[in-house]
Amino acid sequence: MFRNRKLGSICYFVADIGRTETFYRDVLGLEIDNMGDAGDGHDWLMAKTANGIELIFFQQESRPGNSPIIVFEIAEGGIDDVVAGLAAKGATIVTPVSHAPGGWSAEVADPDGHQISMYQSEDQPRSLKT
């Protein structure tokens, strides 16, 4: 199901968004874009690597096992169909399809409990079934 999916981003949960912005910009030398309020009163950040993978940073509790999260891009839409297909194959749905900045996301767990996320733009249909 993910064989032909592009890895779109890696999402980090961080304790202090300002400290994170300074580190990734001034120490690692990445160009950081402050994307504004994530809807929770905290700004969120995005940086792109040379090969186009986005590093995304949200301020919230970070603990082993919930960060970072690898995010697969569902470019053509149909996230509801993808999640239903994964559930039908026995995958544990950690977070059902829910609103995310600019689109929709969902998470499943691998057998060891590591989260694997998927994201699609709000410009695409949530289901491709007619």
**Q.** With Thr22 via side-chain hydrogen bond (donor to acceptor under 3.5 Å, both in side chains) - residues at least two apart
**A.** none
Q. Under a 4.5 Å cut-off applied to non-hydrogen side-chain atoms, are Ile74 and Tyr119 in contact?
A. no
(Q) Under 3.5 Å, is there a donor on one side chain and an acceptor on the other for Ser127 and Asp81? (A) yes
(Q) Taking salt bridge (charged side-chain N to carboxylate O under 4.0 Å, His left out) as the definition, give me every residue that meets it alongside Glu76, ordered by chain and number, with sequence neighbours left out. (A) Arg5
Under 3.5 Å, which donor-acceptor pairs link side chains of residues 28-37 to any protein atom two or more places apart or in another chain?
unit_1: Asn34; atom_1: OD1; unit_2: Gly36; atom_2: N; d: 2.9
unit_1: Asn34; atom_1: ND2; unit_2: Asp43; atom_2: OD2; d: 3.2
unit_1: Asp37; atom_1: OD1; unit_2: Gly39; atom_2: N; d: 2.6
unit_1: Asp37; atom_1: OD1; unit_2: Asp40; atom_2: N; d: 3.2
unit_1: Asp37; atom_1: OD1; unit_2: Gly41; atom_2: N; d: 3.0

Q) Where does the angle between the aromatic ring planes of Phe58 and Phe13 fall among parallel (under 30°), tilted (30 to 60°) and perpendicular (over 60°)? A) tilted
Q) With sequence neighbours excluded, what pairs up with Glu73 under the side-chain hydrogen bond (donor to acceptor under 3.5 Å, both in side chains) test? A) Lys6
Q | Interatomic spacing from CD1 in Ile69 to CD in Gln115 - rounded to 0.5 Å | A | 4.5 Å
Q: Work out which heavy atom in Asp16 is nearest to a heavy atom in Gly18; give both atom names and the distance.
A: OD1-N, 3.0 Å
Q: Quick one: closest heavy-atom pair of Glu54 and Lys48, and the distance?
A: OE2-CE, 3.5 Å
Q) Under the ring-ring contact (aromatic ring centres under 6.0 Å, His included) rule, what pairs show up with a residue in residues 66-86, not counting sequence neighbours? A) Phe2-Phe72
Q) Is the side chain of Gln120 donor-acceptor paired with the backbone N or O of Gln124 at a distance under 3.5 Å, no angle test? A) yes
Q) Do the side chain of Ser9 and the main chain of Cys11 share a donor and acceptor less than 3.5 angstrom apart? A) no
N/O donor-acceptor pairs under 3.5 Å from side chains in residues 86-105, not counting sequence neighbours:
unit_1: Thr95; atom_1: OG1; unit_2: Glu107; atom_2: OE1; d: 3.0
unit_1: Ser98; atom_1: OG; unit_2: Pro96; atom_2: O; d: 3.4

Q. Any side-chain heavy atom of Trp44 within less than 4.5 Å of one from Ile56?
A. yes
(Q) Working to the nearest 0.5 angstrom, can you tell me the gap between Glu21 CD and Phe57 CZ? (A) 10.0 Å
Q: For residues Ile17 and Leu45, determine if any side-chain heavy atom of one lies less than 4.5 Å from a side-chain heavy atom of the other.
A: yes
Q. How far does CD1 of Ile53 sit from CD1 of Ile70, to the nearest 0.5 angstrom?
A. 9.0 Å
Q) Are any non-hydrogen side-chain atoms of Met118 and Val82 less than 4.5 angstrom apart? A) yes
Q) Taking side chain as C-beta onward, heavy atoms only, is Ile10 less than 4.5 Å from Val71? A) no
Q | Ile116 with Leu7, same ILVMFWY side-chain cluster at under 4.5 Å | A | yes
